[in-house]
Amino acid sequence: KGMAADTAVENVFWCKTDKIASSAVDSTKDCVICGAGMDNVGWIESSETEKGVAISKVIDSYLKKDDAPGPIAFTACTLNV
């Protein structure tokens, strides 16, 4: 068994409507503001010490693929630690 097999991960979710990011071990998540299902846009290691930074990197990468202009500004960030 390698090191990657022992790594716990959390999915990163994004609500396009409310521009909110969140992470969770669940495979789906609803937005805490609008209640709609959030997009699963990537993952981070659960042991990440700076989850906000790691989530921001995942969201930035997702938005660049989605042709979104410029850097993102979070209006809220929910982290399940």
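- Of all non-hydrogen atoms in S27 and F13, the two that sit nearest each other are O-CE2, 3.6 Å.
- Atom OG of S23 sits about 4.5 Å away from atom CD1 of I44, to the nearest 0.5 Å.
- A heavy-atom distance below 4.5 Å is not found between the side chains of E45 and E10.
- Taking every heavy atom of both residues into account, K51 and S46 meet most closely at CE-O, 3.3 Å.
- Under the side chain to side chain contact (heavy atoms under 4.5 Å, CB included) criterion, D30 pairs with no residue at all, not counting sequence neighbours.
- Among all heavy-atom pairs drawn from V25 and N11, the shortest one is O-ND2, 4.0 Å.
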### Message
With side-chain contact (heavy atoms from CB on, under 4.5 Å) as the criterion, how do C31 and I20 come out once you've worked through the C-alpha distance, each side chain's angles and the decisive distance to 0.1 Å?
### Response
CA-CA 8 Å; C31 177; I20 294 175; 4.1 Å; yes
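- Contact of the W14 side chain with the L63 side chain is registered, since non-hydrogen atoms from C-beta on lie closer than 4.5 Å.
- Once rounded to the nearest 0.5 Å, the distance linking CG of D60 with CD1 of I55 reads 12.0 Å.
- M38 approaches C15 most closely through the heavy-atom pair CE-N, 3.6 Å.
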### Task
In sequence, state the C-alpha distance, the side-chain angles, and the governing distance for N40 and T28, and then conclude on side-chain contact (heavy atoms from CB on, under 4.5 Å).
CA-CA 7 Å; N40 184 333; T28 62; over 6 Å; no
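- Residue V9 shares its hydrophobic cluster (ILVMFWY side chains chained together at separations under 4.5 Å) with W43.
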